[in-house]
Amino acid sequence: MVTGRVEIFPPATKIPGESALEFLSGLGARMSHEERLAQVKWLASLMDDRFAVPGTPLRFGLDPVIGLFPGLGDVLTSAISLLIVHHAWQTGASRFTIARMLGNVGVDFLVGAVPFLGDAFDVLWKANRKNARLLEQHLRRQADKERPSQFRRPWN
């Protein structure tokens with residue numbers, strides 16, 4: 001029986017990214033560490049400090065604005081924050097660094113879920129900035145390990 005439906009993938013064909021894990025592991029798989037860091041910094045700036053309150057040093061991003069929508073806003077901003085954690089995981093960050101990043105996202109999610117008080121907290125907490133800094137520190141340590149030291153003694 002012909003249904004008139006066009007199938008892009010024939011039956012029994014493995015669809016790329018069929019599972020969430022496959023999708024996430026392939027996300028940006030070909031990015032360099034520098035590209036990842038640039039994307040993370042841009043995302044952190046967008047979510048945490050893109051806008052300024054005139055006449056004050058106070059800055060905020062889309063995180064507290066999207067968080068104004070109860071439930072869905074906090075889930076959405078946490079999903080965006082987890083993208084930063086994913087980039088850190090892709091660069092080989094330690095379990096301790098990933099745990100710290102997940103802790104920052106968790107605190108942001110839990111406190112951010114409290115109506116209004118949580119949105120004010122989001123303006124101050126800036127979990128994405130913290131996580132961008134953690135990724136930058138990880139990449140700096142990784143680069144230092146890979147760089148040959150000019151001052152290393154031959155007997156070391």
| Taking all atoms of both residues into account, what is the closest heavy-atom pair of Asp108 and Phe121, and its distance? | CA-CE2, 4.4 Å
Atom pair [atom1]/[atom2] of [X] and [Y] - distance to nearest 0.5 Å:
X	Y	atom1	atom2	result
Leu46	Asn128	CG	CG	9.0 Å
Asn131	His87	CG	NE2	12.5 Å
Ile66	Asp122	CD1	CG	10.5 Å
Leu37	Leu135	CG	CG	5.5 Å
Ser78	Asp63	OG	CG	7.5 Å
Thr77	Leu68	OG1	CG	10.5 Å

Please examine the side chains of [Y] and [X], heavy atoms only from C-beta on, and report whether any two atoms are closer than 4.5 Å.
X	Y	result
Asn104	Arg129	no
Leu102	Leu82	yes
Lys41	Glu136	yes
His33	Gln142	yes
Phe51	Val65	no

| With under 30° as parallel and over 60° as perpendicular, where do the rings of Trp89 and His86 fit, or are they tilted in between? | tilted
| field | Ionic contact status for Lys126 with Asp49, cut-off 4.0 Å | value | no
Can you hop from [X] to [Y] via hydrophobic side chains spaced under 4.5 Å?
X	Y	result
Val105	Leu110	no
Trp125	Ile80	no
Met47	Val53	yes
Leu43	Phe109	no
Trp42	Leu76	yes

| query | For Leu134, does its backbone N or O pair with a side-chain atom of Gln137 as donor and acceptor, under 3.5 Å? | reply | no
| task | Walk me through it: do Arg50 and Leu62 pass the test side chain to side chain contact (heavy atoms under 4.5 Å, CB included)? | result | CA-CA 8 Å; Arg50 178 68 67 186; Leu62 292 179; over 6 Å; no
| Going by atom types only, do His138 and Ser94 share a side-chain donor-acceptor pair under 3.5 Å? | no
